[in-house]
Protein chains: 2
Amino acid sequence: MQETANRPYHHGDLRRTVIETAMAMLHEDKGWQFTLREVARRAGVSHAAPYKHFPDKAALLAEMALLGFDRLHKALTTAKPKKSNTLRDEFFAVGRAYVEFGTSNPGLYRLMFSAEAGKAADVHLSERALAVFGVVTEMLERGQAEGVLRKRDVRGGAAACWAQMHGITMLTMEGLFQLEKVGPDPLDAALVTLLEGLENQAVNS
Amino acid sequence: MQETANRPYHHGDLRRTVIETAMAMLHEDKGWQFTLREVARRAGVSHAAPYKHFPDKAALLAEMALLGFDRLHKALTTAKPKKSNTLRDEFFAVGRAYVEFGTSNPGLYRLMFSAEAGKAADVHLSERALAVFGVVTEMLERGQAEGVLRKRDVRGGAAACWAQMHGITMLTMEGLFQLEKVGPDPLDAALVTLLEGLENQAVNS
DNA sequence: ACCTGAACACCGTTCAAGT
DNA sequence: ACCTGAACACCGTTCAAGT
């Protein structure tokens, strides 16, 4: 862990360094179009060195995507307010945290849902990716138990929530949600609409 | 327009041919990671020839993305049933058509919303891309006029719809909506949830 | 065990030169 | 006006060889 100024030949923990360097480069560019050679350059090793730790670039991408899902999961559970809060508060807190995560890590978020990462190692079907789905499911189950939400197959509702979060996040990243055409606060509007589709009682405005 | 078997030197309509060839290659792969050189090879010209018609690869991608938005717009308006149908029918028809378009053209759909296409030429802010938004807006306006939908800023509702469509489409493309974990018919569940968030009257199940 | 350096088969892009 | 062919500066990946 302690970095000595001179790394003569052996690097020590190149595997971790490669991932961290690549993660840092993801923040600079929007896409995951960083090059493996550039990563190696920044890490101060030859361009062939990373191949001792990853079979190919796709493997590195997949690992980064998994890391991304872990961070997203953590961001959501952290954002969840302490108990004795209304479900509505929790719903909005988690929703906003999701979008916030995506928009402040656009490169990483894109990578997580890219075909490239998905192909390799079944990233999207891993339990680490599906843990995010679990957060939403728990929230809906609580809502149904409290009678706030309509009683329906929770999985369908969770699917709707995830799709809505993902859609808002990507459209925001593209700048499409910054237009006057979509109104003053599309994020809020989308969350309200979604919640009211899940809620139990009638709302007449 | 009529293709002679021998194209000795001049191609005739290389610009169109390049676009069509690239479009065809988009169907084979999932991503837009086709190479310009391969396009030129298939078109039977040198790898430098396309540069007489497009300043760079990004310009070609942007043009293809615009074409994609035109096709999506057409797919939605075509799917819209003739009048004297309920709004609910229209809503589901358009929703399913949207997802269907994405899942049957994954490469093109990905390209349309990629950062690469977005950067070039303001694709996402073009009226051709926003026409899709218009289809949803019209539908909601009709619903509000008929009293079926809650009266609210239509733009917010349209934003919610678009985000939901986009999210479902992408998650389906990733295979995440084919899991038992998300239930038997997540697409339907998401559409129902969305619609009921927009609707006027109370629903007690 | 871990890393290097040269090598291979590709890219995107440019540009003088051909027709 | 439209296209070619060689060239440049890159990639990802491999592999014998070094420490």
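Each chain gets a letter, A, B and so on, in the order its sequence line appears, and its residues count up from 1.
Distance alone, capped at 3.5 Å, places no donor-acceptor pair between the B/Gln164 side chain and the A/Gly167 backbone.
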Identify every side-chain donor-acceptor pair in residues 47-69 of chain B under 3.5 Å, counting partners at least two apart or on other chains, and give the distances.
from	atom 1	to	atom 2	distance (Å)
B/Asp56	OD1	B/Ala59	N	3.1
B/Lys57	NZ	B/Phe34	O	2.9
B/Glu63	OE2	B/Arg15	NH1	2.8

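Aromatic rings of A/His166 and A/Tyr109 (six-membered ring for Trp) have centroids within the 6.0 Å cut-off, being under it.
Applying the side-chain contact (heavy atoms from CB on, under 4.5 Å) rule to B/Lys181 yields the partners A/Leu130, A/Phe133, B/Leu179; only residues at least two apart in sequence or on another chain are considered. A/Ala79 meets the side-chain contact (heavy atoms from CB on, under 4.5 Å) test with A/Ala97; sequence neighbours excluded. Remark: A/Asp153 engages A/Arg155 in a salt bridge (Lys or Arg N to Asp or Glu O under 4.0 Å) (not counting sequence neighbours).
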(request) List the protein contact pattern of nucleotides 11-16 of chain C with one symbol per nucleotide (5' to 3'): B for base contact, S for sugar-phosphate-only contact, - for none; contact means a heavy-atom distance under 4.0 Å. (result) BBBBB-

(request) Starting at the 5' end of DNA chain D, write a dot or bracket for each base, bracketing those in Watson-Crick or G-U wobble pairs whose two distances are under 3.5 Å and using | for partners on another strand. (result) ||.|||||...|||||.||

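Within the 4.5 Å cutoff, side-chain heavy atoms of A/Phe113 are placed close to those of B/Leu171.
The distance between atom CG of A/Asp13 and atom P of C/dC2, rounded to the nearest whole Å, is 11 Å.
Classification of B/Arg142 and B/Glu138 as a salt-bridged pair fails, no side-chain N sitting under 4.0 Å from a carboxylate O.
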